[in-house]
Amino acid sequence: MTGFSPNALVQSLRREAFGLGFHAIGIAPADLSQHVSRNLDAYLDAGHHGTMEWMEGTRERRRHPRALWPEARSIIALAMSYGPDEPPLANLERPGLANISVYARSRDYHDVIKPKLKQLARWLVAEAGGEVKVFVDTAPVMEKPLAALAGIGWQGKHTNLLARDLGNWVFLGFVFTSLALPTDSPAAAHCGSCRACLDICPTDAFPAPYRLDARRCISYLTIEHKGPIPRPLRAAMGNRVFGCDDCLAVCPWNKFAQTAREAKLQARDTLLAPSLSLLARQSEAEFRSFFAGTPVKRIGHARFLRNLLIALGNGTDPEALTAVEVHLNHENPLVRGAAVWALSRLDRNRFAEQKQARMPSEHDRLVLVEWAEEESEP
């Protein structure tokens, strides 16, 4: 480590990280405990990852950081706050609006964090040598256990990472290095007997504390899941059209988080309280333009329309019926099926009329299931 003692290097590394806009940094060994590995196996073996087959395919690399990069000796974990300035669940009381998860109301965090990780990694190589690789959650990295091992925070009963001075609102990134750096002590858990995050979940996605069944999680259903939303879970979605913040927002530790942070990602005003009906009327080109540079764009127009139609079916917007009926003709059966369900919720008489007119000419099995008001496959 040219020109630095290990401890002095770490102090300089911290200053550089904070100068780049990160709000927390910690260093962990390039290893994870057998406990983490067993938890991963239990999660995947139970099928709690749903249709995220890529998690099963990267199981071995997830459980062992050095399987991802054998030269790694230390892992630098970094966190950036995205704490909201507005009440994160306010839109849930306004069913005519679309509730978008706080993290997705601003620029895609991958585009913000990864360049900063690369800049920090270049600084480390210039100052101390060695080799580096940078990772965000698009790589098979067990980001929350690694961040906890590095002392940034702890995994709460909702399985998310939280910290004393950042609350639940953190983006994570990692610099793997071949250097052997002094490591931080793992963070202790401070949830105690609190179970607010478990009790507030609209779809009962937590079979037990510290266990998540993604198949029931609204974030998974609205973002990762590519098929129809399972019928028993639709009403509980309310107007959540991209992600769900309930378990994060209710955590008591958020009151200690600093919300006015320099370099924090700022939410776009147009994403704070958008109209469901207006979003449902957007063409695909308008959708791509409106959500350019945000995580929402990544799921595509059809899946987002599916989410919007479920939300319209759960609401009382007088414009909803018109916004729903136009999608009964949509070329994508995923959208048509969601429109059928929403219509059945909004106007039973109109649903009966449309069923008589449209069901005989419908050939998609899942859309026919919706007209028949039967249980669809998850």
Side-chain angles (χ1 to χ4, degrees), residues 47 49-54 98-100 203 214-244 276-291 295-315 317 319-378:
H49 59 303
T51 57
M52 296 184 288
E53 293 89 355
W54 43 268
N99 193 77
I100 294 172
T203 51
R215 297 169 299 183
R216 298 187 64 85
C217 175
I218 292 175
S219 287
Y220 163 80
L221 292 170
T222 56
I223 299 172
E224 300 291 346
H225 184 59
K226 297 179 181 179
I229 304 295
R231 185 181 287 266
L233 302 179
R234 295 175 187 176
M237 284 174 55
N239 61 344
R240 301 169 183 85
V241 299
F242 190 92
C244 179
L276 279 171
S277 295
L278 289 179
L279 290 178
R281 290 192 179 96
Q282 287 181 335
S283 66
E284 183 166 4
E286 290 169 332
F287 161 80
R288 295 175 65 84
S289 175
F290 187 83
F291 290 104
V296 178
K297 183 180 174 182
R298 285 190 274 116
I299 69 169
H301 191 221
R303 261 194 281 170
F304 191 59
L305 276 176
R306 173 202 62 186
N307 301 343
L308 291 170
L309 289 163
I310 298 298
L312 285 167
N314 286 328
D317 186 346
E319 298 181 26
L321 187 60
T322 302
V324 165
E325 283 200 301
V326 70
H327 293 299
L328 295 173
N329 295 317
H330 200 280
E331 63 181 3
N332 191 315
L334 181 66
V335 178
R336 289 203 307 279
V340 172
W341 182 85
L343 180 60
S344 74
R345 299 266 294 185
L346 294 171
D347 190 324
R348 294 298 301 180
N349 291 332
R350 187 63 177 155
F351 172 79
E353 294 171 4
Q354 292 283 20
K355 178 178 181 177
Q356 185 176 5
R358 295 175 180 274
M359 193 172 178
S361 60
E362 178 60 63
H363 299 292
D364 185 87
R365 180 177 61 86
L366 291 179
V367 181
L368 287 170
V369 164
E370 298 296 344
W371 281 121
E373 299 184 272
E374 298 172 355
E375 290 296 327
S376 57
E377 296 179 2

The salt bridge (charged side-chain N to carboxylate O under 4.0 Å, His left out) partners of R215 (sequence neighbours excluded) come to D213
Quick one: closest heavy-atom pair of V241 and A98, and the distance?
CG2-CB, 3.7 Å
Test side chain to side chain contact (heavy atoms under 4.5 Å, CB included) on V340 and F351; report intermediate values, then the result.
CA-CA 8 Å; V340 172; F351 172 79; 3.7 Å; yes
Just jot down the salt bridge (charged side-chain N to carboxylate O under 4.0 Å, His left out) partners of E319, sequence neighbours excluded, or say none.
R281
Would you say the side chains of R345 and N314 form a donor-acceptor pair under 3.5 Å?
yes
When rounded to the nearest 0.5 Å, the distance separating CG of L321 from CG of L343 is 6.0 Å
L305 vs F287, test: side chain to side chain contact (heavy atoms under 4.5 Å, CB included). Steps then yes/no.
CA-CA 10 Å; L305 276 176; F287 161 80; over 6 Å; no
Donor-acceptor contact below 3.5 Å, side chain N307 vs main chain T222
yes
Which heavy-atom pair separates V296 from I100 by the least distance, and what is that distance?
CG2-CG2, 4.3 Å
Do the side chain of H330 and the main chain of A302 share a donor and acceptor less than 3.5 angstrom apart?
no
Residue set satisfying side chain to side chain donor-acceptor pair (under 3.5 Å) with E362, at least two apart, ordered chain then number -> R336
Atom pair CD1 (I310) and CD1 (I218), whose distance is rounded to the nearest 0.5 Å
11.5 Å
For A339 and L309, the nearest pair of non-hydrogen atoms, with its separation, is N-CD1, 3.7 Å
Provide the closest heavy-atom pair for R306 versus G227 in the form atom of the first, atom of the second, distance.
NH1-O, 2.7 Å
So Y220 and H49, side chain to side chain contact (heavy atoms under 4.5 Å, CB included) or not? Walk me through it.
CA-CA 9 Å; Y220 163 80; H49 59 303; over 6 Å; no
Distance col, row Q356:CD vs Q354:CD, nearest 0.5 angstrom, shows 10.5 Å
Indicate the ring-plane relationship of F291 and F304, choosing parallel, tilted or perpendicular according to the 30° and 60° boundaries.
perpendicular
Donor-acceptor contact present, side-chain H225 to main-chain P230, <3.5 Å
no
Is there side-chain contact between P333 and L366, with heavy atoms separated by less than 4.5 Å?
no
Test: E370 and R358 ion pair at under 4.0 Å:
no
Which distance, rounded to the nearest 0.5 Å, do you find between the NE2 of H327 and the CG of L334?
12.0 Å
Counting N and O atoms only, with roles assigned by atom type, does the side chain of S344 sit under 3.5 Å from a partner on the main chain of W341, one being a donor and the other an acceptor?
yes
Rounded distance (nearest 0.5 Å) linking atom CZ of R350 with atom CD of E353
5.5 Å
Residues passing the side chain to side chain donor-acceptor pair (under 3.5 Å) test with S277, sequence neighbours excluded, are D317
Minimal non-hydrogen separation, A311 against L276, with atom names:
CB-CD2, 3.7 Å
Not counting sequence neighbours, which residues clear side chain to side chain donor-acceptor pair (under 3.5 Å) with N349? List them please.
none
If you apply the rule side chain to side chain contact (heavy atoms under 4.5 Å, CB included), what do you find for R288 with H301, and how did you get there?
CA-CA 8 Å; R288 295 175 65 84; H301 191 221; over 6 Å; no
Who pairs with R298 by side chain to side chain donor-acceptor pair (under 3.5 Å), at least two apart in sequence or on another chain?
D108
What's the spacing between R240 CZ and L221 CG if we round to 0.5 Å?
11.5 Å
How far apart are the closest heavy atoms of A323 and A280, and which atoms are they?
CB-CB, 4.2 Å
